[in-house]
Asks: 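Pasting in a structure now, in structure tokens, and then I'll have a few things to ask.
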Amino acid sequence: QIALGIKYSKLLKRVKLLYEKRKRRIRGFLHKVTTWIWDYYVRDRIHTVVLGDISGIREDNFLGSKINQPFRSFPYRIIYQILSYKRTCI
């Protein structure tokens with residue numbers, strides 16, 4: 001592998017495994033949250049669910065990069081896809 005220019009193959013594999021683990025944990029958390037949301041809607045007989053991207057809500061004020069970062073990285077599309085899937089299964 002050194003001939004190919006890859007010096008730290010074990011380290012790269014470990015980093016890749018850590019990213020995959022993080023990705024699986026986030027996906028599992030989103031499934032748990034959307035299951036809770038879906039059960040709430042079914043239990044209370046809510047017929048309309050509105051999902052929206054709130055990225056334009058903070059245009060006029062700057063709250064700092066640490067506060068804004070969770071809003072920018074919030075997985076709206078994934079939550080929408082999971083809730084759409086759960087809707088079609090029932």
Side-chain angles (χ1 to χ4, degrees):
Q1 291 181 355
I2 293 175
L4 297 175
I6 302 172
K7 292 183 180 180
Y8 306 104
S9 63
K10 287 185 181 182
L11 180 63
L12 292 176
K13 285 180 185 179
R14 181 67 182 149
V15 170
K16 186 176 179 181
L17 288 174
L18 287 173
Y19 277 117
E20 291 296 322
K21 181 179 179 180
R22 178 180 177 268
K23 188 173 151 182
R24 285 192 309 268
R25 290 184 71 170
I26 291 172
R27 180 66 81 163
F29 175 74
L30 290 175
H31 273 285
K32 290 174 188 172
V33 167
T34 54
T35 300
W36 180 83
I37 291 171
W38 186 255
D39 291 341
Y40 173 75
Y41 292 144
V42 169
R43 183 186 68 227
D44 291 349
R45 295 185 187 105
I46 297 172
H47 301 288
T48 304
V49 178
V50 178
L51 291 175
D53 186 0
I54 60 168
S55 61
I57 202 167
R58 62 188 192 290
E59 293 290 328
D60 295 333
N61 56 1
F62 180 72
L63 301 174
S65 60
K66 293 292 183 186
I67 303 284
N68 284 337
Q69 187 176 5
F71 290 115
R72 290 187 187 128
S73 63
F74 197 76
Y76 297 102
R77 181 179 52 86
I78 296 171
I79 290 174
Y80 177 76
Q81 289 173 345
I82 294 171
L83 283 175
S84 296
Y85 170 76
K86 290 178 188 292
R87 184 191 68 199
T88 58
C89 288
I90 291 180

Asks: Which residues pass the side-chain contact (heavy atoms from CB on, under 4.5 Å) test with R25, sequence neighbours left out?
Replies: K21
Asks: Establish whether L17 and I26 are linked, either directly or via other cluster members, by ILVMFWY side-chain heavy-atom contacts under 4.5 Å.
Replies: no
Asks: Let me check something: do F29 and Y40 share a hydrophobic cluster, defined by ILVMFWY side-chain heavy atoms less than 4.5 Å apart, either directly or through other members?
Replies: yes
Asks: Hydrophobic clustering (ILVMFWY, side-chain heavy atoms < 4.5 Å, transitive) - are W36 and Y41 grouped together?
Replies: yes
Asks: Side chains of W38 and I82, heavy atoms from C-beta outward: is any pair under 4.5 Å?
Replies: no
Asks: If I compare all heavy atoms of T34 with all of I79, which pair ends up nearest, and what's the gap?
Replies: CG2-CG2, 4.0 Å
Asks: Check whether more than 12 heavy atoms from other residues, nucleotides or ligands sit under 6.0 Å from atom OH of Y80, and answer yes or no.
Replies: no
Asks: So, using side-chain hydrogen bond (donor to acceptor under 3.5 Å, both in side chains) as the criterion, who are the partners of T35 when residues are at least two apart?
Replies: K86
